[in-house]
Amino acid sequence: MNGRIAITYSGGRRYEYKQARVRILTNPVSVEVRAGQKLELDGEIWENATEVRTFVAPEGEWAHVFYRKLDGEGWASRWAPRIRVISSATDTPGVADALGYWRSIVSRLDADDPLRPVYESLGFVHPESALAQYLTGGPIQPGELAAPPIYPFRSNLSQRQAVENALTHSVSVIEGPPGTGKTETILNLIANIIVGGAATVGVVSYGNSAVDNVREKLADLGFGHVIARLGRRELVDAFFEGQAQRNAHVEDFVRRTPPPPPPERLVELDTRLRRLQQAERERARVRQEIDAYSLELQHFEKHVEPGDLSQLERLPLLRRSSDRILDYLAETALEDGRRVGLVRRIHKYLRYGSLRGLDPADTSVVLRLQRAFDDRQLAELTAQLAQLDNELSSADFERLVEEHSQLSVQALHAALGERYATTRTTYNAKTYRNNFQRFAADYPVLLSTCHALRGNLPFGQLLDYLIIDEASQVNLLAAGVAFASCRNLIVVGDLQQLPPIVDKDAARGVVAPTAAYDYELQSILSSLGAVYPEDIPRTLLREHYRCDPAIIGFCNKTFYGGRLVPFTRSQSEQPMVVRRTAEGNHMRQHRGGGRSNQREVDVIVNEVIPEDCAGVPRDQIGVTTPYRKQAGKVVEQFVDAIEKLEADTVHRYQGRQKDTMIMTTVLDETWRGQTGLAFVDDPQLVNVAVSRAVRKFILVTNHSLLSRSRYIRDLIGYIDYQALDIGVVDSSIVSVFDLLYRDYNKRLRLLAGRLRNEQKRSEDIIWTVLHDILADAKYQHLTARAQILLRNLFLGDRPLTEAQTTYIANRASVDFVVYNRVSNQPLLAIEVDGFAFHEKDPVQLARDKLKDEIFLAYEMPLRRLPTTGSDEVARIRMALDQAEAEWVSRSR
């Protein structure tokens with residue numbers, strides 16, 4: 001029995017077996033694994049399999065699998081039903097066309113782009129992958145819930161529907177507007193996927209912050225050990241280095257494993273909570289309506305005086321329901337003053353009561369009825385709110401929510417405790433793929449990025465589920481490679497937020513096979529909508545928990561069709577403000593691209609921060625703008641501050657939030673400003689900018705309020721209405737250089753009439769201003785001179801560089817110097833910096849730096865006055881005072 005037996009196969013293959021292992025095999029059937037095919041064994045792809053030979057044995061079918069090795073060929077014996085040969089989906093024309101189009105674009109990306117090696121390895125696409133289904137437009141497969149869902153993390157009606165849709169469909173979309181609990185929905189979905197058995201789930205996004213948020217919240221609940229945090233090499237290495245600590249946690253976790261909760265109690269609680277959550281949503285909606293009617297009444301009282309109509313107070317109509325008053329107003333509006341017949345008058349009497357003395361054609365009467373409608377509507381809504389409060393309170397709603405959450409945590413803990421009852425395996429970064437089935441049993445939740453996921457998995461491995469978070473920012477190239485690694489797909493995002501930034505140069509001239517897969521036009525969210533225009537399961541998360549109701553109210557009305565229901569309560573008397581700059585054209589276009597507006601920066605620094613943000617910690621204030629140059633200017637203002645203000649573009653703020661957000665629009669009303677309007681007034685950009693604010697939003701914009709815009713103009717109008725027509729605040733910051741431009745503040749017109757017009761306009765302005773200042777008694781001992789050569793100003797020897805010496809020798813001058821008229825001692829130099837000649841010109845910037853260094857070497861103060869600045873009179877006075885103080889100090 002311990003001898004050996006040799007078997008020779010067709011083609012010359014000869015193998016020896018231990019006699020004890022020999023089975024009686026008959027009726028061999030050979031299947032060659034051809035190009036474009038792979039062998040799959042229990043969900044694992046054998047890359048190098050070349051042939052499968054199936055035999056009939058007494059106990060069933062067995063197969064011998066032949067595969068290539070480094071030193072020749074090997075074989076393995078496996079139970080035949082576990083094996084199948086599958087063909088790559090790339091053989092399908094639709095898949096091949098789309099992948100060919102994407103590959104063409106990827107080949108033009110930067111050489112170090114992480115997508116390039118991923119696409120080079122994407123020669124085989126599993127036919128059951130989400131990518132194959134998506135590129136062929138295959139039908140979305142429905143399913144059934146294996147068990148009643150659990151919700152360890154707090155949930156609401158929308159989130160429950162999203163979880164159930166995802167668990168019962170091969171592809172689903174969760175639309176998550178800002179502050180609607182996308183992360184909690186993802187966490188509950190993960191819990192339901194892993195509680196049921198051996199299923200695996202990946203969570204990916206375009207970057208690391210979104211998936212790290214998922215990791216942190218799962219860990220906070222005590223389930224961090226189910227996660228494999230993969231991605232780039234450093235993250236993978238860090239994950240495997242932390243195994244000892246995780247394994248110790250698992251041992252403690254297993255020891256504390258509770259029994260499963262009674263399933264009937266979970267079902268009972270779930271049924272009761274669904275009904276109560278409907279009441280909870282209705283309560284939030286009623287509060288929203290009460291706020292809206294209260295604001296409308298305040299406007300009514302501010303602007304409308306219907307006069308003395310006390311004689312109408314006795315009418316029964318004023319004591320009827322709001323609906324009955326509204327019916328009367330609508331009915332009489334249709335009559336349009338025409339006399340009605342007897343039957344109609346009787347009908348109205350029966351419906352509305354006595355109408356004697358009521359003239360529906362009298363505007364004052366109509367206004368009184370409208371006021372009565374608002375009063376009755378408010379009273380009815382208040383009563384309805386009290387009823388809903390009582391229903392939720394008497395049902396002990398919060399306690400039921402907490403109990404259901406605790407039982408859900410218990411159910412998850414019990415299921416995982418059973419899973420981890422066996423010894424925990426130790427893996428390393430090089431070998432975990434070789435035993436991936438066991439690894440995935442230990443770590444059923446994989447976190448990565450879209451482009452890194454495929455490299456984190458064994459070749460051809462499919463996860464059971466894949467969740468793509470922040471999908472509105474995921475482009476098709478990144479999403480496609482992630483789709484290739486899963487069977488079921490859940491895409492979470494918001495089409496009303498900013499789309500992904502694409503490489504237009506790489507896509508230039510490459511034609512998409514269909515619009516649905518167009519890299520430049522589509523995010524993965526919009527692409528799925530194009531592939532499945534009718535039947536894709538889509539859930540909108542409606543309950544909003546983050547922003548002040550007034551702030552999210554603008555987004556809700558403008559972008560979400562009023563479908564969101566804010567659950568927040570206002571904590572500010574005026575949560576939205578508009579600050580508009582003084583008249584003038586303050587935007588500047590930079591050489592090499594980019595725009596900025598120094599005046600809006602000055603308004604933020606000198607008015608918004610000290611007045612609108614008083615008491616707000618600096619780390620809870622954010623400044624956002626469509627333009628990178630403008631964000632940089634804001635940051636420069638706080639470079640020396642202990643608590644630096646965070647300023648960034650709207651695109652980079654997506655996915656983040658601050659208690660107070662300030663948006664600077666940059667543009668003005670010049671023709672150059674109008675060329676940027678389509679970019680700044682983009683609806684998705686405006687939506688993201690506003691919805692970053694939790695408690696307060698401040699818009700800083702130009703004096704004309706971007707009158708040709710649509711969304712910015714609507715935002716300003718909304719803010720003004722919310723603030724009872726006092727939401728727009730005029731900035732008091734002006735500049736003498738406003739005279740340079742087409743529009744300027746009326747406070748400067750007196751100065752305009754006194755300009756000499758003898759030199760450059762900007763220098764002429766400062767010359768006039770300077771002499772006005774020096775006319776003060778405080779400065780009468782001082783005088784000013786213009787265009788002073790540096791060689792005449794600096795007579796002493798100082799250690800200068802060769803470049804500085806050459807610069808002085810080439811007739812370099814300074815615009816103005818202020819002297820002591822008695823001693824002729826120069827105190828202060830003033831330089832006027834025009835934007836086009838200084839900030840936009842790198843050559844001139846280099847000269848300016850040389851001049852600054854020379855003045856520093858001679859210890860003489862130089863005050864630069866950029867024509868984009870403001871408040872020059874105060875700045876000159878301060879510079880004069882500082883210069884005199886320094887001169888006195890040096891003289892002692």
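Put simply, the side chain of Gln410 reaches to within 4.5 Å of the side chain of Leu407, judged on heavy atoms. Put simply, the side chain of Tyr67 does not reach to within 4.5 Å of the side chain of Glu51, judged on heavy atoms. Side chains of Glu646 and Lys658 form a contact here, defined as non-hydrogen atoms less than 4.5 Å apart. At least one side-chain heavy atom of Arg538 sits less than 4.5 Å from a side-chain heavy atom of Ile536. Using a 4.5 Å cut-off on side-chain heavy atoms (C-beta onward), Ile468 and Ile490 make no contact. The closest side-chain heavy-atom distance from Ile83 to Val65 is below 4.5 Å.
By the 6.0 Å and 45° rule, Arg160 stacks over the aromatic ring of Tyr151. Judged by a 6.0 Å distance limit and a 45° cone about the ring axis, Arg656 is positioned over the six-membered ring of Tyr653.
Closest approach of Arg116 and Ala111 over heavy atoms only: NH1-CA, 3.8 Å. Nearest approach of Ser527 to Gln522, heavy atoms of both residues: N-OE1, 3.6 Å.
Between Glu47 and Arg68, no side-chain nitrogen of the basic residue sits less than 4.0 Å from a carboxylate oxygen of the acidic one, so the salt-bridge criterion is not met. Under 4.0 Å is where a charged nitrogen must lie from a carboxylate oxygen, and between Arg84 and Glu128 at least one such pair does. Between Arg103 and Glu120, none of the side-chain N atoms (NZ, or NE/NH1/NH2) sits under 4.0 Å from a carboxylate O, so this pair counts as no salt bridge.
For Thr624 (side chain) and Val650 (main-chain N/O), a donor-acceptor pair under 3.5 Å exists by modelled atom type. The backbone N or O of Cys547 lies less than 3.5 Å from a partner atom in the side chain of His544, making a donor-acceptor pair. With Asn456 contributing its side chain and Leu230 its backbone, the two residues share no donor-acceptor pair below 3.5 Å. Using a distance-only test at 3.5 Å, with no hydrogens or angles considered, a donor-acceptor pair links the side chain of Gln654 to the main chain of Leu498. Judged by distance alone, with hydrogens and angles left aside, the side-chain atoms of Thr649 form no donor-acceptor pair with the main-chain N or O of Arg628 at under 3.5 Å. Looking only at distances, no side-chain donor or acceptor of Arg692 sits under 3.5 Å from a matching main-chain atom of Gly622. At least one donor-acceptor pair under 3.5 Å links the side chain of Arg246 to the backbone N or O of Phe239. The backbone N or O of Ala441 lies less than 3.5 Å from a partner atom in the side chain of Arg419, making a donor-acceptor pair. Remark: the backbone N or O of Thr90 is paired with a side-chain donor or acceptor of Ser88 at under 3.5 angstrom. Checked by atom type and distance alone, the side chain of Asn188 pairs as donor or acceptor with a backbone atom of Phe153 at under 3.5 Å.
One side chain, Asn687 or Tyr560, offers a donor N or O that lies under 3.5 Å from an acceptor on the other. Side-chain contact check for Thr431 and Asn434: no donor-acceptor pair (N or O, by modelled atom type) lies under 3.5 Å. A donor-acceptor contact under 3.5 angstrom links the side chains of Ser87 and Gln37, judged on distance only. In the model, Asn213 has a side-chain atom that pairs as donor or acceptor with a side-chain atom of Thr183 under 3.5 Å. Residues Tyr427 and Asp442 have side chains that bring a donor and an acceptor to within less than 3.5 angstrom of each other. Side chain to side chain, Ser170 and Gln133 meet the donor-acceptor criterion of an N or O pair below 3.5 Å. Judged by distance alone, the side chains of Arg229 and Asn208 do bring a donor and an acceptor atom under 3.5 Å apart. With 3.5 Å as the limit, one finds a donor-acceptor pair spanning the side chains of Asn165 and Thr539. Using modelled atom types, one finds a donor on one side chain and an acceptor on the other under 3.5 Å when comparing Asn156 with Tyr545. Side-chain atoms of Ser472 and Asp494 include no donor-acceptor pair closer than 3.5 Å.
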Practice problem: Tell me, with the steps shown, if Tyr206 and His451 meet ring-ring contact (aromatic ring centres under 6.0 Å, His included). | Solution: CA-CA 8 Å; Tyr206 68 99; His451 59 268; over 10 Å; no
Quiz prompt | Stepwise side-chain contact (heavy atoms from CB on, under 4.5 Å) test for Leu122 and Leu99 | solution = CA-CA 9 Å; Leu122 196 60; Leu99 282 179; 4.0 Å; yes
Quiz item: Could you walk me through whether Tyr443 and His225 pass the ring-ring contact (aromatic ring centres under 6.0 Å, His included) check?
Solution: CA-CA 7 Å; Tyr443 299 102; His225 56 276; 8.7 Å; no
Practice problem: Could you go through the side-chain contact (heavy atoms from CB on, under 4.5 Å) check for Tyr465 and Leu489 one step at a time? | Solution: CA-CA 6 Å; Tyr465 292 87; Leu489 178 67; over 6 Å; no
Exercise. Show your reasoning for whether side-chain contact (heavy atoms from CB on, under 4.5 Å) applies to Leu453 and Val204.
Key: CA-CA 8 Å; Leu453 178 66; Val204 298; 4.0 Å; yes
Quiz prompt | Verdict with supporting geometry, Arg34 and Glu32, salt bridge (charged side-chain N to carboxylate O under 4.0 Å, His left out) | solution = CA-CA 6 Å; Arg34 299 188 300 272; Glu32 181 183 357; over 6 Å; no
Exercise. List the steps, then state whether salt bridge (charged side-chain N to carboxylate O under 4.0 Å, His left out) holds for Arg215 with Asp212.
Key: CA-CA 5 Å; Arg215 176 183 58 80; Asp212 283 338; 3.7 Å; yes
Practice problem: Apply the test ring-ring contact (aromatic ring centres under 6.0 Å, His included) to residues Tyr432 and Phe240: give CA-CA distance (whole Å), side-chain angles for both, the deciding distance (0.1 Å), then the verdict. | Solution: CA-CA 10 Å; Tyr432 77 95; Phe240 284 106; 5.2 Å; yes
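Classified by interplanar angle (parallel below 30°, tilted 30° to 60°, perpendicular above 60°), the ring pair Trp102/Tyr134 is parallel. Between His126 and Phe124, the angle of the ring planes goes over 60°, which puts this pair in the perpendicular group of the 30/60° scheme.
By the 6.0 Å contact criterion, CD on Glu418 is open, its count of non-hydrogen atoms from other residues, nucleotides or ligands being 12 or less. A 6.0 Å sphere centred on CD of Gln245 holds no more than 12 heavy atoms belonging to other residues, nucleotides or ligands. The number of heavy-atom neighbours closer than 6.0 Å to CZ of Arg652, taken from other residues, nucleotides and ligands shown, is 12 or below.
Here the rule is side chain to side chain contact (heavy atoms under 4.5 Å, CB included) with Leu477, and of Asn475, Val474, Val481 only Asn475 fits it.
For the atom pair Ser523 OG and Gln497 CD, the distance stands at 11.0 Å (nearest 0.5 Å). Here Ile552 contributes atom CD1 and Leu564 contributes atom CG; the two are 6.0 Å apart, rounded to the nearest 0.5 Å.
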